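Below: one structure, written as structure tokens.
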Amino acid sequence: MENKVKREGAVIFSDYTRGDAVKKAVSIGREDVLFELKESKLRGRGGAGFPTSIKWMLTAAAKSDKKYVICNADEGEPGTFKDRVLLLEYPELVFEGMVVGGYAIGAKEGIVYLRGEYEYMLKSLQDYLEEMRKDNLLGKDILGKKGFDFDIIIRLGSGAYVCGEETALIESLEGHRGEARNRPPFPVNTGLNGKPTTVNNVETFASVAHIVTKGGAWYSQHGTDKSTGSKLFSVSGDCKKPGVYELPWGTTINELLKIVEAENTKAVQVGGASGLCVPKAQFDRQLGYEDLGTGGSIMVFNESRDMLHVLKNFMEFFVEESCGQCTPCRIGNVKLLEGVEMIEKGEYTFNYINKLKELGETMRISSKCGLGQSSPNPFISILENFKEEIFNNGKGGK
Amino acid sequence: MLVMEKNSLSEEISKLVDLYGKDRSSLLPILQGIEKNHKYISDFAQQEVARLLDIHPVEVYSVVTFYSFLTHKPMGRNVVRLCQTITCDMFGKEAVAKAIERELGIKFGETTKDKKVTLEYANCLGMCDQGPAMLVNDQVYSHLTPEKAIEILEKLK
Amino acid sequence: MKENKETRAPESQKGHTIEKPKSSEGIGSMVSIEINGNKFSVPLGTTILEACKQNQIHIPTLCHHDDLCIAGVCRVCLVEVEGMRTLQASCAYSITHSLKIHTTSPQVRRARRHVIDLLLSEHYGECYSCVRNNNCELQSLAKEYGVDKFTFGHVSEPLFEEDNSSYSVIRDMNKCVLCKRCVRTCIDLQEVGVLESINRGHETRIGTFLDKPLADVICINCGQCINRCPTGALKANDPSDEIWQAIDDPTKHVVIQTAPSPRAAIGEEFELGPGHSLTGQMNTALRRIGFNKVFDTNFTADLTIMEEGTELIIRLYKALVEGEKQIALPQFTSCSPGWVKYIEHFYPEYLDHVSSAKSPQQMFGALIKTWYAQKEGIDPANIVSVALMPCAAKKYECNRPEMVDSGYKDVDYGLTTRELAQMIKESGIYLPEMEKTHFDDPFGDASGAGLIFGATGGVMEAALRTIIELVTGVKVENVFENMNIVPVRGFEGIRYAELPIEKVGPVPEILKPLVPNWDWLKGATLKVAIAHGTANAKKIMEDIKAGGKFSECHFIEFMACPGGCLGGGGQPIPTSQEIRAKRAEAIYNEDASLPIRKSHENKHVLDLYNDFLTDGPCGHISHKLLHTHYTPRGKYIA
Ligand SMILES: Cc1cc2nc3c(=O)[nH]c(=O)nc-3n(C[C@H](O)[C@H](O)[C@H](O)COP(=O)(O)O)c2cc1C
Ligand code: SF4
Ligand code: SF4
Ligand code: SF4
Ligand code: SF4
Ligand code: FES
Ligand code: FES
């Protein structure tokens with residue numbers, strides 16, 4: 001296996017030596033770690049974009065005998081693979097980000113929830129953790145700091161996309177079905193085993209390692225006002241150079257397409273199956289929380305692709321991967337998929353399709369977790385943006 | 001199941017429980033361990049796990065049926081999981097799937113008579129830039145062509 | 001509300017439950033909220049649903065049940081909370097700060113309607129042929145939201161086969177809405193662990209271990225899941241067709257015994273509200289339907305007290321005086337067939353603690369086809385013996401292979417309160433308006449002690465009323481005001497009481513063959529305990545296993561169902577702590593109004609010992625007819 005990664009980038013791929021972040025953290029103290037994080041305006045890289053400093057401060061403020069730092073390495077969103085690259089090639093960033101997290105919030109235990117599909121990297125990651133222990137980057141009194149104990153274990157998933165949702169992930173760690181919890185309470189107060197827990201994406205931890213080392217101000221120079229720093233994009237689909245790219249936030253889709261050498265592009269799915277499908281006319285839109293916030297999945301479709309087929313593939317994914325506990329998502333996704341099949345066969349009415357779009361709107365606001373809240377996205381955006389192709393020229397026009 | 005088999009399975013499960021702990025939170029690692037060794041989690045194994053963790057057997061069954069990689073029906077010695085998600089699909093998953101089916105003489109969801117291979121679909125494996133991709137047990141293969149896929153399968157024992 | 005806390009053990013579902021603020025923060029602090037523009041003040045930690053209920057604002061629910069921990073899965077109870085992007089499940093959202101809530105905004109109404117439409121689209125069942133017609137939460141929701149068409153289609157074929165393997169509970173997953181109320185009942189409330197969600201995504205459904213038929217798993221037949229299922233997906237195995245057939249058959253002599261709890265609850269099936277006892281009215285209705293004789297199960301409840309009480313005295317005597325080490329103490333009650341099956345599965349090593357006395361239902365069955373048949377000159381083969389019970393497990397119990405001591409199937413059918421109400425309606429009878437009549441002889445009207453068997457603690461109280469008098473020679477009413485042994489009453493999940501025996505009296509005639517005197521009990525303290533709901537039973541059993549305080553008890557009453565039989569799996573739906581408390585009140589009030597309130601004063605019981613069971617309680621004849629044995633089953637399935 002190869003990792004196609006363009007190792008150029010101002011932030012994540014900037015210079016780093018093992019131990020930098022932890023050394024810096026213990027020298028400046030936890031207050032300052034949280035301060036730098038706040039300065040950086042880092043937002044979570046898992047997709048939802050929640051400000052990391054707020055999450056950590058809440059967890060730090062929660063009173064408890066035990067706290068946890070969890071690294072969400074479940075990376076199951078179709079089209080996302082940047083966490084794989086980070087874990088394989090830059091484990092120091094991810095793990096040290098976790099150590100810094102443990103230091104900042106007062107946790108002694110870190111857990112990496114690694115998707116079952118990535119079991120092949122388990123051994124090398126464990127070896128890496130062992131090296132860190134030898135270097136006292138993990139273990140007791142880390143780097144001589146009295147009372148700063150922290151260690152990391154890796155737990156495997158078992159093939160369930162929904163376990164990437166943080167509360168489902170916690171359920172899974174506790175030995176249950178990966179069914180999302182009611183919120184509130186949030187994991188920062190009531191997380192793993194009922195203890196305050198911070199769950200962050202792999203890339204979030206990697207960013208933290210750089211932020212702590214180089215300062216929050218340095219980080220926030222990059223990117224835009226609301227979307228500071230840079231982002232790893234997992235680019236796949238119709239382009240000459242698919243792979244992982246570090247780009248500053250604010251990059252437009254057009255610019256990105258040029259970099260990956262995509263031609264005749266018709267549509268770009270931003271944010272994976274649960275993201276939005278952007279048509280050619282909107283390729284000047286910017287990637288960033290101001291407009292297109294994303295966990296980094298970019299799937300490129302050229303003129304030859306059948307968008308209805310793409311949509312069907314996405315909906316099939318959600319029907320299978322829904323945890324199945326709540327009504328809107330368990331049954332709603334099936335209805336949307338059936339709608340796609342009706343269009344495919346030419347056995348639909350616009351009236352019914354509009355009803356399904358309304359249903360999609362309901363799913364967005366009534367599902368229990370992010371899966372069902374975002375699964376109607378492709379349905380709504382593809383049918384909206386590719387009306388012409390689907391209903392007037394394509395199969396649906398039969 | 002023979003008594004001897006049962007005893008050795010019990011012993012193995014006890015060892016897993018000792019390793020991971022008696023908490024409910026050890027359930028997944030224990031089940032993953034059994035799956036790895038036996039390619040499925042038998043009725044008896046599920047009840048043993050339930051007994052040792054002091055939970056209800058139906059809870060174990062409930063968890064096993066939730067996760068795609070945990071199974072309660074025997075799988076082949078090798079499990080092949082071909083990615084069916086969009087980018088792999090765009091780059092030739094269908095042709096690879098057909099070739100494998102032809103070569104093994106089974107459909108997806110089935111196991112070869114000699115119990116060598118079980119064929120399944122999986123959702124995105126995180127190799128989308130190099131699709132089509134598949135997992136063979138815990139190893140990942142990318143840039144598949146029908147020919148390459150068959151080559152890989154032929155090396156399986 | 002005590003029972004909730006005691007019977008709720010949300011271990012498996014704990015992740016899904018909401019968190020109430022820790023008591024120290026919560027006590028006394030109130031939050032002001034706004035619902036639909038009106039201001040209210042509620043205690044910190046109240047859920048939005050509770051807050052609305054307290055202020056008479058209706059919110060529809062489906063997966064919520066007051067007895068159970070919170071799930072938040074059906075999404076019917078959605079409301080809008082200002083400032084939040086998504087709608088919130090009101091049942092699962094606890095208020096910790098000031099909120100502005102809208103319960104009927106357009107998007108709320110549309111979302112609820114969508115959820116109902118979705119549920120209906122996958123719901124296979126026709127209301128007019130459904131046991132829950134007119135008492136179904138899904139049906140009511142459809143009505144409430146004016147569903148006039150199937151917006152997202154409707155299944156035309158059943159997707160699942162009905163599981164009718166069990167004598168007690170039938171599962172039809174075509175009608176299931178996946179609210180998981182049965183799961184929370186079985187795993188959390190009862191801690192039996194038969195039902196859970198299986199599979200994932202759209203394939204998710206409720207299943208058993210290995211998806212086996214209910215009869216092949218460790219179901220204790222308590223039927224608590226039926227009582228909490230909002231739809232017709234779970235129902236009892238209904239024998240009324242067969243009973244009608246027997247009634248219509250002139251060669252059959254059809255008798256019915258009626259347990260104490262149905263009479264205290266059946267009014268609920270006739271829109272009376274909980275807490276009305278309709279004993280006399282029901283007797284009349286049963287005769288009108290065509291039962292040849294109507295008997296009172298309380299008669300055999302009194303008999304049970306004699307047999308089980310005697311058994312206890314024998315055990316104590318053997319253990320304390322004769323020093324027999326292998327005598328199993330504490331003695332456990334045996335009248336709840338759900339409990340019996342529970343201990344057979346979960347604690348088979350303790351089966352010798354269970355009183356060998358049959359349940360009142362089965363004692364009655366054995367007597368009807370022997371003593372009664374002889375007395376009346378009827379061929380027992382022509383007797384059809386029906387038992388009206390509040391219970392789903394009684395259906396299983398009468399089908400146990402060993403329950404044939406009369407030479408026939410002792411009890412032919414177990415009928416539930418709900419099923420009888422249906423038969424009464426079918427006969428065109430409006431129950432509350434029936435005149436009151438008495439039970440038939442030779443069993444007659446029984447004592448209040450038999451009656452209170454219906455409530456948790458009742459068996460214990462009945463037993464104590466008799467034991468205290470027989471041993472001390474002092475009238476109970478001189479020890480406990482109005483004969484109400486209050487320490488064993490109530491709804492706390494587990495109760496414990498100590499009764500010192502300060503003086504002893506002479507041994508009554510009936511027990512003389514068994515003990516020479518009571519001196520050996522003088523100065524002793526009788527220790528008793530009570531548990532209702534198998535989750536509480538489990539706590540006691542674990543304590544006994546660990547040699548805790550319950551292992552020092554002499555006698556423990558176990559009832560499988562929360563609240564005791566009055567909360568049984570055959571009782572009217574819905575059920576709640578409040579309803580169960582009202583039923584208990586009805587039972588205790590009726591007891592207080594009866595002339596005879598102690599089992600050993602029931603004249604008919606004494607007649608029976610003189611006439612038929614001539615070698616006395618626990619004698620040869622009674623052992624053959626009134627006692628039984630148990631089967632160690634274990635938890636595991638081959
Ligand atoms: C269905 C679903 C799947 C998700 N999968 C992932 C995932 O694979 N990796 C991830 O980091 N976050 C995932 N998330 C987001 C997490 O719930 C959570 O927001 C994130 O781990 C928080 O980390 P961050 O703040 O660092 O982004 C998923 C969310 C949903 C609703
Ligand atoms: S939205 Fe879907 S995945 Fe999330 S809780 Fe509901 S059913 Fe499960
Ligand atoms: S379960 Fe309810 S909605 Fe369904 S058929 Fe029965 S009564 Fe009608
Ligand atoms: S009858 Fe009782 S034991 Fe059986 S499934 Fe229902 S709740 Fe569980
Ligand atoms: S069987 Fe009844 S209680 Fe159980 S999930 Fe289905 S509808 Fe709910
Ligand atoms: S789409 Fe196949 S690996 Fe992602
Ligand atoms: S009643 Fe609140 S989600 Fe079901």
Side-chain angles (χ1 to χ4, degrees), chain A residues 1-5 75-84 115-120 122 155-163 172-179 192-193 234-239 241-244 269 272-273 297 299-301 304-305 309-310 313-314 316-317 320-321 323-324, chain B residues 20-33 35-36 41 49-50 53 55 59-71 79 81 83-91 93-94 120-131 133-143:
Chain A
M1 196 188 73
E2 53 180 331
N3 287 320
K4 294 190 189 173
V5 24
E75 188 162 68
E77 187 66 51
T80 315
F81 42 88
K82 45 121 188 149
D83 294 345
R84 175 197 87 213
R115 68 187 307 222
E117 290 85 342
Y118 288 174
E119 193 180 348
Y120 54 82
L122 183 62
R155 287 273 306 261
L156 281 174
S158 255
Y161 162 68
V162 67
C163 288
S172 177
L173 283 176
E174 290 184 9
H176 293 271
R177 298 161 63 83
E179 294 179 347
L192 184 63
N193 303 327
S234 317
V235 185
S236 63
D238 296 314
C239 60
K241 296 184 169 164
V244 172
Q269 178 81 13
S297 163
M299 296 192 264
V300 183
F301 303 105
S304 74
R305 303 295 174 185
H309 177 77
V310 171
N313 190 285
F314 288 158
E316 283 168 347
F317 173 80
E320 259 183 47
E321 295 292 347
C323 83
Chain B
Y20 295 109
K22 271 177 97 64
D23 266 6
R24 168 114 195 206
S25 57
S26 318
L27 182 57
L28 252 72
I30 292 168
L31 294 178
Q32 285 160 348
E35 181 81 38
K36 203 179 191 84
I41 304 160
V49 173
L53 298 189
I55 56 179
E59 295 181 285
V60 177
Y61 183 67
S62 169
V63 165
V64 168
T65 54
F66 183 89
Y67 293 95
S68 304
F69 290 4
L70 301 177
T71 59
V79 183
R81 293 190 165 95
C83 173
Q84 61 180 352
T85 307
I86 190 70
T87 36
C88 289
D89 180 81
M90 282 160 43
F91 292 98
K93 163 216 102 182
E94 205 50 47
E120 292 209 325
Y121 280 120
N123 287 323
C124 181
L125 300 173
M127 297 299 291
C128 329
D129 52 341
Q130 305 167 40
M134 71 179 179
L135 277 179
V136 178
N137 304 321
D138 60 9
Q139 286 307 307
V140 69
Y141 297 89
S142 59
H143 291 305

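Letters A, B, ... mirror the listed sequences (proteins, then strands); counts begin at 1. In this text the structure is predicted, and so the values were computed from the model without any measurement.
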The side chain to side chain contact (heavy atoms under 4.5 Å, CB included) partner of A:Pro78 among B:Thr87, B:Thr85, B:Asn123, B:Leu125 is B:Thr85

Interchain contact, A:Val300 with chain B, by part (heavy-atom threshold 4.5 Å)
backbone

Given that the side chain runs from C-beta out, which part of A:Leu173 has a heavy atom under 4.5 Å from chain B: side chain, backbone, both or neither?
backbone

Need one label for A:Val310: side chain, backbone, both or neither, based on atoms under 4.5 Å from any heavy atom in chain B.
both

Options A:Met299, A:Arg115, A:Glu321, A:Gln269, ranked by heavy-atom pairs under 4.5 Å with chain B, top entry
A:Arg115

So what's closer than 4.5 Å to chain A heavy atoms on B:Leu135: side chain, backbone, both or neither?
side chain

Show your working on salt bridge (Lys or Arg N to Asp or Glu O under 4.0 Å) between B:Asp129 and A:Arg84 and close with a plain yes or no.
CA-CA 12 Å; B:Asp129 52 341; A:Arg84 175 197 87 213; 3.8 Å; yes

I would like to know whether A:Ser158 and B:Gln32 meet side-chain contact (heavy atoms from CB on, under 4.5 Å); could you show each step before the answer?
CA-CA 8 Å; A:Ser158 255; B:Gln32 285 160 348; 3.1 Å; yes

For chain A, find which of B:His143, B:Arg81, B:Gln139 contributes the most heavy-atom pairs closer than 4.5 angstrom.
B:His143

Structural part of B:Phe91 lying under 4.5 Å from a heavy atom of chain A
side chain

Would you mind writing out the side-chain donor-acceptor pairs for residues 60-67 of chain B within the sub-3.5 Å range, not counting sequence neighbours?
from: B:Ser62; atom 1: OG; to: A:Arg177; atom 2: NH1; distance (Å): 3.3
from: B:Ser62; atom 1: OG; to: C:Ser197; atom 2: O; distance (Å): 2.6
from: B:Thr65; atom 1: OG1; to: B:Tyr61; atom 2: O; distance (Å): 3.0
from: B:Thr65; atom 1: OG1; to: B:Ser62; atom 2: O; distance (Å): 3.0
from: B:Thr65; atom 1: OG1; to: C:Asn199; atom 2: N; distance (Å): 2.9
from: B:Tyr67; atom 1: OH; to: A:Ser172; atom 2: OG; distance (Å): 2.9
from: B:Tyr67; atom 1: OH; to: A:His176; atom 2: O; distance (Å): 2.8
from: B:Tyr67; atom 1: OH; to: A:Gly178; atom 2: N; distance (Å): 3.4

Taking A:Asp83 for its side chain and B:Gly126 for its backbone only, find out whether a donor-acceptor pair lies under 3.5 Å.
no

Determine, step by step, whether A:Glu316 and B:Gln84 satisfy the side-chain contact (heavy atoms from CB on, under 4.5 Å) criterion, reporting the C-alpha distance in whole Å, the side-chain angles of both residues, the deciding distance to 0.1 Å, and the verdict.
CA-CA 10 Å; A:Glu316 283 168 347; B:Gln84 61 180 352; 5.9 Å; no

State the OG-CE distance between A:Ser234 and B:Met127, to the nearest 0.5 angstrom.
12.0 Å

Of the non-hydrogen atoms in B:Cys124 and A:Gly76, which two are nearest, and what is the gap between them?
CB-O, 4.3 Å

Determine whether B:Gln130 and A:Phe81 satisfy the following criterion, side-chain contact (heavy atoms from CB on, under 4.5 Å), listing intermediate values before the conclusion.
CA-CA 11 Å; B:Gln130 305 167 40; A:Phe81 42 88; over 6 Å; no

Heavy-atom distance under 4.5 Å to chain A: side chain of B:Ser68, backbone, both or neither?
both

Rounded to the nearest 0.5 Å, what's the gap from CG on B:Asp23 to CG on A:Asn193? Could you check?
7.5 Å

Check the pair B:Asp89 / A:His309 against side-chain contact (heavy atoms from CB on, under 4.5 Å), numbers first and verdict last.
CA-CA 10 Å; B:Asp89 180 81; A:His309 177 77; 2.7 Å; yes

Under 4.5 Å from a heavy atom of chain B, the part of A:Glu320 involved:
side chain

Counting C-beta onward and ignoring hydrogens, is there a side-chain heavy-atom pair between B:Ile86 and A:Phe301 closer than 4.5 Å?
yes

Which one of A:Lys241, A:Glu75, A:Arg155 has the most heavy-atom pairs closer than 4.5 Å to chain B?
A:Arg155

Please flag which part of A:Cys239 lies under 4.5 Å from any non-hydrogen atom of chain B: side chain, backbone, both or neither.
neither

Contact origin within A:Tyr161 toward chain B - heavy atom pairs under 4.5 Å:
neither

Testing the basics here: between B:Cys128 and A:Thr80, what is the closest heavy-atom pair and its distance to 0.1 Å?
SG-N, 4.2 Å

State which residues pass side-chain hydrogen bond (donor to acceptor under 3.5 Å, both in side chains) with A:Arg305; sequence neighbours excluded, sorted by chain then number.
A:Asp238

